[in-house]
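Report on the structure given below.
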Amino acid sequence: MSRSQTGVLLGVLAALLWSPHFHTVMESLGRDTSVLVFHFYVVFWAAVACLLALVVTGQTGALSVFRRQETPVLLLALTGGYGLWLMRALAIERGAGNPTHVDLLFYSAPLILGFLSIPQRDGARAKQIVALALGLVGCIMIASRPPTPAEAAGAGARSGGTLAALLAAGCWAVFALAARPLVRREKLLPIGAVLWSVGAACLLVTCLATGDSILAISRKGILTSLLLGAGTVALGFGCWLKCLAHLPPALAAPLWYLAVAFGVLWGYEPVTWWTAGGAALIVVAVYFASSGRERIEMTMSDLIRG
């Protein structure tokens with residue numbers, strides 16, 4: 001299997017693991033559960049999973065990566081380990097009247113990543129930007145629906161959620177762009193352990209500062225956050241980082257849209273001609289972004305530099 005094929009497979013697996021995340025979070029939040037506290041536990045369990053894996057595999061010495069790469073690792077921790085989850089929690093709280101609206105704004109992250117990668121040698125070109133825009137349209141077709149009366153009544157409260165969701169998307173894009181050079185030369189597991197540990201510590205401090213008790217969570221919430229932290233975050237983001245180690249951002253970014261398409265398979269969205277068309281458009285966007293002569297040139301240059 002070629003390097004690019006491995007990257008595509010890892011990207012698809014990352015999207016598959018991520019696909020149940022948003023729906024599971026919304027279903028798990030109880031009336032008395034703080035969204036911020038729940039996200040703290042998600043990141044906390046991701047850190048625990050990575051640290052346990054380091055202990056079991058005898059790689060605790062690899063944590064020295066932080067002493068060699070303090071600046072890039074801290075950038076990843078502050079964007080993907082903290083900023084993403086903080087903004088995501090604020091987006092849900094302030095845009096609770098329409099969680100679908102918040103999710104769709106988050107899925108603008110691949111398009112943001114494409115634009116941010118333009119200055120790089122293997123960054124997005126016009127073809128990839130068009131493909132990313134098509135993929136976003138496919139996501140909108142799948143997840144969009146008319147607002148309910150309750151959502152329409154709370155439309156005024158969604159402005160704060162909109163800004164926070166866009167900031168979460170921006171954190172995700174910066175995280176993905178900054179991660180690629182680091183994960184290509186360092187082991188993934190210690191990077192994950194450090195960035196999730198720093199993220200969990202920052203979220204804990206934020207919870208204390210806002211007066212949100214980390215004890216105010218149900219047993220079901222603990223179990224769900226454990227599954228999400230170990231599965232969709234530690235494992236899912238691990239696959240995503242390995243994907244970025246094999247593929248340029250412009251080729252990897254469209255794969256993230258597949259998480260929305262997988263939601264149709266799991267039954268999170270109704271199966272209609274409209275949603276099927278959105279899923280097909282995402283698949284077309286992925287193919288369009290990776291096909292042709294430009295894909296070969298970018299992959300070859302990527303192999304030479306690797």
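Rounded to the nearest 0.5 Å, atoms OG1 (T79) and CG (L74) are 10.5 Å apart. Taking CG from L13 and CG from L235, the interatomic distance works out to 6.5 Å, rounded to the nearest 0.5 Å. Distance check, rounded to the nearest 0.5 Å: CZ of F237 to CG of L195 gives 9.5 Å. The distance from atom NZ of K242 to atom CG of L9, rounded to the nearest 0.5 Å, is 12.5 Å. Atom OH of Y82 and atom CG of L203 lie 6.5 Å apart (nearest 0.5 Å). Of the inter-residue distances, the one linking L166 atom CG with I112 atom CD1 reads 6.5 Å to the nearest 0.5 angstrom.
Between L17 and G236, the shortest heavy-atom contact is CD1-CA, 3.7 Å. The two atoms that bring G192 and C50 nearest to each other are C-SG, 4.0 Å, heavy atoms only. Between A178 and L75, the shortest heavy-atom distance links the atoms CB-CD2, 3.6 Å. Annotation for A124 and A250: closest pair CA-CB, 3.5 Å, computed over non-hydrogen atoms. Counting all heavy atoms, side chain and backbone alike, A176 lies closest to L113 at CB-CD2, 3.9 Å. Residues L177 and S117 share a closest heavy-atom pair of CD1-CB, 3.9 Å.
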### Worked verdict on I142 versus I282 for side chain to side chain contact (heavy atoms under 4.5 Å, CB included)
CA-CA 10 Å; I142 292 174; I282 290 174; 3.8 Å; yes
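Note: the hydrophobic cluster containing L51 does not contain V55 (ILVMFWY, side chain heavy atoms under 4.5 Å, direct or indirect links). Linking ILVMFWY side-chain heavy atoms closer than 4.5 Å, directly or via other members, places L78 and V194 in two distinct hydrophobic clusters. Cluster annotation: I217 and V205 are assigned to distinct hydrophobic clusters (Ile/Leu/Val/Met/Phe/Trp/Tyr, side-chain heavy-atom contacts under 4.5 Å, transitive). Hydrophobic clustering places F115 together with L247 (ILVMFWY residues linked when any side-chain heavy atoms are closer than 4.5 Å, directly or through intermediates). Residues V130 and V284 fall into different hydrophobic clusters, defined by Ile, Leu, Val, Met, Phe, Trp and Tyr side chains chained together at heavy-atom separations under 4.5 Å.
In this structure, R180 contributes its side chain and C243 its backbone to no donor-acceptor pair below 3.5 Å. Q128 contributes a side-chain N or O that, together with a main-chain N or O of R125, makes up a donor-acceptor pair within less than 3.5 Å. Looking only at distances, a side-chain donor or acceptor of W85 sits under 3.5 Å from a matching main-chain atom of G80. The backbone N or O of V183 sits nowhere less than 3.5 Å from a side-chain atom of R185 that would complete a donor-acceptor pair. Checking side-chain atoms of W196 against main-chain N and O of V48 turns up no donor-acceptor pair under 3.5 Å. The main-chain N or O of L105 is found under 3.5 Å from a side-chain atom of S108 such that the two form a donor-acceptor pair.
I92 is listed as a side-chain neighbour of V25, based on a closest heavy-atom distance under 4.5 Å. A 4.5 Å side-chain heavy-atom check between L136 and P110 finds every atom pair outside the cut-off. Contact annotation: the side chain of F175 approaches that of L241 to within less than 4.5 Å [non-hydrogen atoms, C-beta and beyond]. The shortest distance between side-chain heavy atoms of C202 and V198 falls below 4.5 Å. T6 has its side chain within reach of L10: a pair of non-hydrogen atoms, C-beta onward, lies under 4.5 Å apart. Counting only heavy atoms from C-beta outward, the side chains of P248 and R121 never approach each other to under 4.5 Å. Using a 4.5 Å heavy-atom cutoff, the side chains of V8 and Q5 are not in contact.
The aromatic rings of W172 and F106 sit perpendicular to each other, their planes meeting at more than 60°, with 30° as the lower class boundary.
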What donor-acceptor contacts under 3.5 angstrom involve side-chain atoms of residues 36-47, with partners at least two apart or in another chain?
from	atom 1	to	atom 2	distance (Å)
H39	ND1	V35	O	2.8
Y41	OH	I214	O	2.5
W45	NE1	S225	OG	3.3

Donor-acceptor pairs are to be reported for all side-chain atoms of residues 253-263 against protein atoms at under 3.5 Å, with residues two or more places apart or in another chain.
from	atom 1	to	atom 2	distance (Å)
Y257	OH	L132	O	2.9

